[in-house]
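To keep things clear, I will list the structure first and then write my remarks on it.
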Amino acid sequence: MKKTSVYIETFGCQMNVADTERASTGLRRAGYELTGEAEEADVVLLNTCSIRARAEAKVYSRVGEVKHKGRRSGQLIGVMGCVAQLEGEAVFDHAPSVGLVAGTQATDRLPALIERARAGEKKVLDLGEREAGEIWEVSPVERHSPYVAFVPIIEGCNKFCSYCIVPFSRGRERSRPAAEVIDEVKRLKDAGFSEVHLLGQNVNSYRPRPPVGLENFDGATPFSKLLRAVAATGMERIKFTTSFPRDFHHDIVAAIDENPNLCNWVHLPAQSGNDRVLRQMRRGHKVADYLERIRTIKNARRRIALTSDMIVGFPGETAEEVMDTVSLVEQCQYDSLYIFKYSPRARTPAAAMSDTISEEEKTERFERVEEAQKRIQKTLYSSYLGEVVNVLVERRSTRSELDLMGHSTCHKIVNFRGSDALIGRTVDVRITEVKSNSLYGEAAQSLLKAFC
Ligand code: 5AD
Ligand code: SF4
């Protein structure tokens with residue numbers, strides 16, 4: 001009998017990519033076939049994001065497109081992920097062609113939910129919590145890359161920053177058992193993966209109960225113990241994201257100093273450079289606390305690349321307060337920065353504050369911060385000229401057939417000339433040219449050959 005085919009499209013953050021991998025693992029195990037073609041699939045699942053209004057709007061336009069183009073009669077369209085969790089039943093009202101809504105903790109139950117919908121049940125809905133025995137570990141064939149693996153270590157968020165929907169869409173923090181994380185990384189290493197990304201909305205809050213698996217490792221916090229334990233697996237490159245300033249302990253930098261395979265990159269969102277705005281955002285840190293963390297990172301033995309997120313146009317933010325954000329950007333000298341215009345999210349405390357800042361003003365503020373970052377980034381990237389960075393080669397460049405593309409340990413995009421044989425390998429690359437968001441160089445090996 002022909003297997004039922006499922007197509008999953010992923011929106012949003014790395015956690016959603018990891019959830020799609022988990023869902024695919026469970027579906028294939030249950031006898032479904034995964035396909036890359038939406039039009040031909042029996043089931044189309046949209047794994048959605050709701051961090052800002054625009055991300056959410058995309059879901060409904062995409063449902064319309066899928067419905068219009070689908071060539072399978074009786075094609076089932078399902079919405080999973082953050083929009084599903086938040087909107088629940090209302091998704092069916094907004095988009096009557098949707099037959100299945102599965103929340104962020106229902107990924108493991110998808111096979112049974114799809115079965116119910118295909119058996120004729122209308123409006124199948126699951127917003128329940130994860131169950132014991134859930135799948136954490138992803139089968140290698142479902143990984144988004146054969147070289148880089150995402151390993152979730154903690155789900156959910158307890159911080160409740162006043163603008164953020166994540167604590168509602170992903171629920172309270174749940175840490176994954178340490179022994180399981182360590183075993184997974186060991187298996188990934190044996191399977192030939194060169195890099196892992198330890199994932200969580202706030203990795204610094206990692207607190208597994210019971211704390212089994214970390215007894216033999218030093219560390220001021222469970223997360224820094226976990227970093228040392230994962231480093232001890234011998235995995236070639238280890239990155240982690242996202243860090244939260246208040247919980248970012250200096251011992252994390254000590255762990256990076258001690259272990260060359262803990263990569264020299266930290267993503268530490270600041271969100272604003274003004275104390276009043278930070279208080280309104282309920283971030284639980286002041287600018288001075290943030291700068292203290294930055295000093296520790298900048299004083300590390302290796303040069304650690306630093307990236308951040310900033311929000312402009314938070315309710316009540318004044319034109320002067322934006323300049324404090326610009327000033328923080330200048331002080332921190334970020335390697336790159338994600339800037340967002342504030343987007344009110346229903347149910348969050350900030351949505352009840354009067355949002356008097358016009359779209360034009362938000363755009364202007366965005367551009368002010370962006371202009372500062374561009375200037376800084378240009379100088380910062382130029383400082384890499386002549387330096388050698390280690391690159392994990394992921395694929396051919398989309399811009400030039402002759403070039404390869406990969407990420408450095410400091411998480412920069414690096415392009416260089418080379419053959420397919422280098423894909424999947426780690427290569428030392430000497431930087432010869434600087435672009436606005438990437439570096440260009442030549443493989444140190446070929447440099448050596450040229451000189452021999
Ligand atoms: N509006 C704009 N940006 C937001 N972010 C989170 N919530 C909102 C919102 N309501 C940004 C934060 C966070 C990143 C993932 O998205 O900067 O760090
Ligand atoms: Fe959202 Fe704040 Fe949690 Fe980050 S720490 S996911 S911004 S609530």
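This structure is a prediction, so every number in the text was calculated from the model and none was measured. Start at 1 and go down the list; that is how both ligands and their atoms are numbered. Along the sequence shown, the residues carry numbers beginning at 1.
- Applying the 4.0 Å criterion to heavy atoms of Gln201 picks out, from ligand 2, the atoms 6 (S).
- Regarding atom 1 (Fe) of ligand 2, its nearest protein heavy-atom neighbour is Cys164 SG, 2.3 Å.
- The closest approach between any non-hydrogen atom of Arg283 and ligand 2 is below 4.0 Å.
- Below 4.0 Å from some heavy atom of Phe244 lie the following atoms of ligand 2, by number and element: 5 (S).
- The line from CG of Leu278 to OH of Tyr290 is 10.5 Å long, rounded to the nearest 0.5 Å.
- With rounding to the nearest 0.5 angstrom, the CZ atom of Phe248 is 10.5 Å from the NE2 atom of His250.
- The Cys157 neighbourhood of ligand 2 comprises atoms 3 (Fe), 5 (S), 6 (S), 8 (S), with distances under 4.0 Å to a heavy atom of that residue.
- Taken from OG1 in Thr325 to CD in Gln373, the straight-line distance is 12.5 Å, to the nearest 0.5 Å.
- A donor-acceptor distance shorter than 3.5 angstrom exists from the side chain of Arg176 to the backbone of Pro152, with no hydrogens or angles considered.
- Listed by number with element, the atoms of ligand 2 under 4.0 angstrom from any heavy atom of Lys159 are 3 (Fe), 5 (S).
- Remark: of the listed residues Glu367, Glu361, Glu359, Glu359 is the sole one forming a salt bridge (Lys or Arg N to Asp or Glu O under 4.0 Å) with Lys341.
- Neither the backbone nor the side chain of Pro269 has a heavy atom within less than 4.0 Å of ligand 2.
- A salt bridge links Arg375 with Glu330: at least one charged nitrogen is closer than 4.0 Å to a carboxylate oxygen.
- Between Phe150 and His197, the angle of the ring planes lies from 30° to 60°, which puts this pair in the tilted group.
- Summarising the geometry, atom SG belonging to Cys263 is positioned 8.0 Å from atom CG belonging to Asn261; distances are rounded to the nearest 0.5 Å.
- Of all the listed residues (Val166, Asp309, Asn158), Val166 holds the heavy atom that lies closest to atom 6 (S) of ligand 2.
- Judged by distance alone, with hydrogens and angles left aside, the side-chain atoms of Arg302 form a donor-acceptor pair with the main-chain N or O of Ile256 at under 3.5 Å.
- With rounding to the nearest 0.5 angstrom, the CZ atom of Arg293 is 12.5 Å from the SG atom of Cys332.
- Here the CD atom belonging to Glu56 is positioned 4.5 Å from the CD atom belonging to Glu87, to the nearest 0.5 angstrom.
- The aromatic rings of Tyr384 and Tyr381 sit perpendicular to each other, their planes meeting at more than 60°, with 30° as the lower class boundary.
- Counting atoms of ligand 2 from 1 in the listed order, those under 4.0 Å from a heavy atom of Pro167 are 8 (S).
- Near ligand 1, residues Ile51, Arg52, Tyr163, Gln271, Asp309, Ile311, Phe340, Lys341, Tyr342, Ser343, Arg345 each place a heavy atom inside the 4.0 Å sphere around the ligand atoms.
- Scanning all protein heavy atoms for the shortest distance to atom 7 (S) of ligand 2 gives Tyr163 OH, 3.3 Å.
- The backbone of Phe160, and not its side chain, has at least one atom closer than 4.0 Å to an atom of ligand 2 (non-hydrogen atoms only; backbone = N, CA, C, O).
- The distance from atom 2 (Fe) of ligand 2 to the nearest N/O/S atom of Cys161 is under 2.8 Å.
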